[in-house]
There are 2 protein chains.
Amino acid sequence: MTEVVTTKQDERESLSMAYSIPERRSTADIIFAQLRDEIMSLDILPGAKLSESEVAAKFGVSRQPVREALNLLSSEDLVTIQPQKATRVRKFSMARIDTARFVRRAVEVEVIKFACKNWSDLYRPGLERCMSAQDRAVATHDTQGFHVLDEEFHALLADVAQTPFAFARIKENKAYVDRICVLSLKNTDEMAVLVDDHRAIFEHITAQDAAGAEHVLRAHLARIEKTIEAVRLSNAEYFDA
Amino acid sequence: MTEVVTTKQDERESLSMAYSIPERRSTADIIFAQLRDEIMSLDILPGAKLSESEVAAKFGVSRQPVREALNLLSSEDLVTIQPQKATRVRKFSMARIDTARFVRRAVEVEVIKFACKNWSDLYRPGLERCMSAQDRAVATHDTQGFHVLDEEFHALLADVAQTPFAFARIKENKAYVDRICVLSLKNTDEMAVLVDDHRAIFEHITAQDAAGAEHVLRAHLARIEKTIEAVRLSNAEYFDA
DNA sequence: TTCGCCATACTACCATACAAGTTAGAGGCG
DNA sequence: CGCCTCTAACTTGTATGGTAGTATGGCGAA
């Protein structure tokens with residue numbers, strides 16, 4: 001298999017796809033992906049120190065690839081590099097959160113409009129199957145599975161809109177907010193409300209009612225707010241001043 | 001190369017109202033900024049090879065900081081790193097262009113809505129001064145200056161909307177498209193049309209007419225399309241298949 | 001001539017060593 | 001006792017050598 005000769009961009013793209021992770025990657029890429037996962041899942045907490053030497057020892061490699069990984073994480077604002085001092089996992093910043101939510105909302109509102117315009121019954125089975133699966137996830141209290149299905153639903157919307165590229169941006173900003181919500185225990189009632197939202201959005205799109213779909217979507221995306229606020233109060237130590 | 005005190009980049013950094021990231025101005029950062037400028041201004045053309053050794057020799061430093069700079073450029077999709085083969089300046093991709101335009105439009109439409117909602121006459125002098133300066137730039141055929149003022153105008157809109165953070169995203173995506181338009185000679189007539197758009201947007205915002213402002217903004221952002229198409233035909237060698 | 005193989009010269013990648021800045025703590029001095 | 005200072009142990013930043021993978025050009029054989 002000489003086909004594994006992919007460029008760095010390809011590797012990282014495939015990471016965001018979450019599926020089909022290539023095997024042959026550079027050491028730096030592996031460490032980057034690993035650290036990123038641990039930061040996103042809060043296995044490494046905000047504020048934690050990430051010494052080049054320590055990480056290098058942990059992975060059994062030299063400092064160089066670790067350094068490159070940390071540089072990339074820094075470019076994603078996941079860590080802060082203080083020269084000659086320390087590298088730390090960046091804490092949550094309300095400004096960053098607001099930006100992420102703002103951009104995500106803006107992009108997805110635009111996506112919804114295209115989805116209404118391009119609606120075809122060809123997309124109906126996929127969306128209905130996804131929502132049914134969400135019902136089952138709620139019934140079985142499968143928060144993990146629901147999270148995956150929720151993301152799939154929004155990906156399907158982007159498919160309908162024929163703007164799959166835009167979903168990458170939605171996902172980016174969604175991921176940052178989701179990282180915070182790991183700290184919050186979602187109960188089944190809240191999940192059920194989200195499924196209702198999905199159904200309402202679906203109905204408006206099938207009716208090609210852009211204004212209605214937008215209205216529900218905005219309310220849908222606003223629901224996360226009280227969760228964020230709760231986490232901010234209960235876990236203030238993970239937030240920037 | 002250790003005594004790096006002040007460069008012209010410092011002032012440009014201070015312009016961005018971003019977060020208070022401690023400025024680390026290492027050799028790698030300088031090389032990154034320099035290469036980025038040269039790529040963005042097309043001093044280095046798409047497809048050109050960027051060998052670690054050559055760049056290192058050019059700057060009189062070792063390969064390591066150059067390598068880090070290239071990694072960061074790679075994370076911004078400005079270069080492609082082909083392991084053990086070469087590192088090249090990435091060519092234009094229509095998919096990437098469409099994504100950038102889509103996101104920019106989505107975000108700025110949202111910004112405009114907030115601007116209408118939050119309008120106050122306090123913002124009037126700044127915007128009027130900016131538009132007057134644009135008139136002068138058109139009159140003196142100062143395309144360079146117009147470009148700066150155009151960006152300032154859209155930044156001011158974000159100020160009105162009280163979403164300065166969102167402008168960072170607008171600027172990111174705007175920059176990618178602007179890079180292409182370097183290849184196109186803007187004539188004064190086109191610039192005058194853009195100023196008219198700005199005035200129309202301004203009027204709608206002062207009247208707090210969100211729908212009207214959005215309509216003009218969409219038309220405004222669509223004007224670039226024919227420029228892109230022209231460049232794509234006249235400079236096909238800089239585009240990906 | 002044309003095809004296939006191999007040596008060679010390139011590339012990015014990784015490891016190691018050294019340099020320079022920061023912080024914390026021990027110890028001397030007022 | 002309290003404060004200042006200096007040292008030592010961290011940290012990240014840079015330089016350099018060596019390694020593995022890739023493309024290319026030349027040579028030999030069909």
Side-chain angles (χ1 to χ4, degrees), chain A residues 1-12 22-35 44 47-90, chain B residues 1-7 9 21-35 39 44 47-90:
Chain A
M1 284 299 162
T2 57
E3 188 63 9
V4 288
V5 187
T6 54
T7 67
K8 285 204 160 190
Q9 282 76 19
D10 291 334
E11 311 255 355
R12 207 164 304 114
E23 296 184 9
R24 297 286 299 186
R25 291 181 295 174
S26 73
T27 305
D29 286 329
I30 294 173
I31 294 175
F32 169 75
Q34 178 74 24
L35 287 180
I44 304 178
K49 194 171 69 175
L50 276 182
S51 163
E52 290 182 1
S53 318
E54 289 180 12
V55 177
K58 172 182 163 188
F59 282 91
V61 297
S62 78
R63 278 178 45 215
Q64 236 53 41
V66 173
R67 183 175 168 71
E68 292 177 14
L70 291 177
N71 270 326
L72 290 177
L73 290 172
S74 164
S75 78
E76 289 191 10
D77 269 353
L78 289 179
V79 304
T80 59
I81 298 177
Q82 300 168 296
Q84 275 78 33
K85 275 169 56 180
T87 299
R88 295 183 170 279
V89 177
R90 204 176 173 90
Chain B
M1 204 23 88
T2 58
E3 185 70 16
V4 182
V5 191
T6 315
T7 70
Q9 263 74 31
I21 301 175
E23 280 203 28
R24 57 188 252 272
R25 189 148 282 287
S26 62
T27 305
D29 289 319
I30 295 173
I31 294 174
F32 169 74
Q34 178 74 25
L35 287 180
I39 291 174
I44 305 178
K49 194 171 70 174
L50 277 181
S51 161
E52 286 183 4
S53 318
E54 289 180 13
V55 177
K58 172 182 165 188
F59 282 91
V61 298
S62 75
R63 302 193 312 274
Q64 220 54 41
V66 174
R67 179 175 169 73
E68 293 179 10
L70 291 177
N71 269 323
L72 289 178
L73 290 172
S74 161
S75 78
E76 289 192 11
D77 270 354
L78 289 179
V79 305
T80 60
I81 298 178
Q82 300 167 297
Q84 274 77 33
K85 273 172 60 180
T87 299
R88 295 184 172 278
V89 178
R90 204 175 175 87

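Bear in mind the structure is a predicted one, so any value in this text is a computation, not a measurement. Chain identifiers are assigned alphabetically (A, B, ...) following the order of the sequence lines, protein sequences preceding nucleic acid strands; residue numbering begins at 1 within each chain.
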**Report entry** Position toward the 5' end of DNA chain C (nearest nucleotide), Ser62(A) or Leu70(B)
**Finding:** Leu70(B)
Query raised in the report: Closest to the Arg67(B) side chain: dA15(C), dA15(D), dC13(C)?
Result: dC13(C)
Report summary line: Rounded to whole Å, CG of Leu73(B) lies from P of dA12(C) at a distance of 13 Å
Query - Listed partners of Glu52(A) passing side chain to side chain donor-acceptor pair (under 3.5 Å), at least two apart - result: Arg63(A), Arg67(A)
Query - Phosphate OP1/OP2 of dT14(D): any Thr27(B) side-chain N/O under 4.0 Å - result: yes
Query raised in the report: Within this structure, what is the CZ-to-P distance between Arg88(A) and dT12(D), rounded to whole angstrom?
Result: 10 Å
Requested in this report: Let me know the distance between CG of Leu72(B) and P of dG13(D), rounded to the nearest Å.
Outcome: 11 Å
Requested in this report: Using only heavy-atom distances, determine whether the side chains of Asn71(B) and Ser74(B) contain a donor-acceptor pair under 3.5 Å.
Outcome: no
Query - Partner set under side-chain contact (heavy atoms from CB on, under 4.5 Å) for Ala48(B), not counting sequence neighbours - result: Ile44(B), Val89(B)
Check nucleotides 9-11 of chain D against the protein and report each pair of N or O atoms closer than 3.5 Å, with its distance, or say if there are none.
residue	atom	partner	partner atom	Å
dT11(D)	OP1	Ser51(A)	OG	3.3

Report task. Confirm from the modelled atom types if Arg63(B) and dG18(D) form a donor-acceptor pair under 3.5 Å, side chain to base only. Result -> yes
Query raised in the report: By side-chain contact (heavy atoms from CB on, under 4.5 Å), which residues pair with Gln84(B), not counting sequence neighbours?
Result: none
**Report entry** Side chain of Pro65(B) - closest among dA15(C), dA15(D), dC13(C)
**Finding:** dA15(D)
Requested in this report: State which residues pass side chain to side chain donor-acceptor pair (under 3.5 Å) with Lys49(B); sequence neighbours excluded, sorted by chain then number.
Outcome: none
Query raised in the report: Less than 4.5 Å apart, any side-chain heavy atom of Val61(A) and any of Ile31(A)?
Result: yes
Query raised in the report: Over how many whole Å does the gap from Asn71(B) atom CG to dC14(C) atom C1' extend?
Result: 13 Å
**Report entry** Partner set under side chain to side chain donor-acceptor pair (under 3.5 Å) for Arg88(B), not counting sequence neighbours
**Finding:** none
Query raised in the report: Please give, in whole Å, the distance from dT11(C) P to Ile81(B) CD1?
Result: 14 Å
Query raised in the report: Expressed in angstrom and rounded to an integer, what is the separation of Glu68(B) atom CD from dA15(D) atom C1'?
Result: 12 Å
Query raised in the report: Quick one: Gln64(A) CD to dC13(C) P, roughly how many Å, whole number?
Result: 12 Å
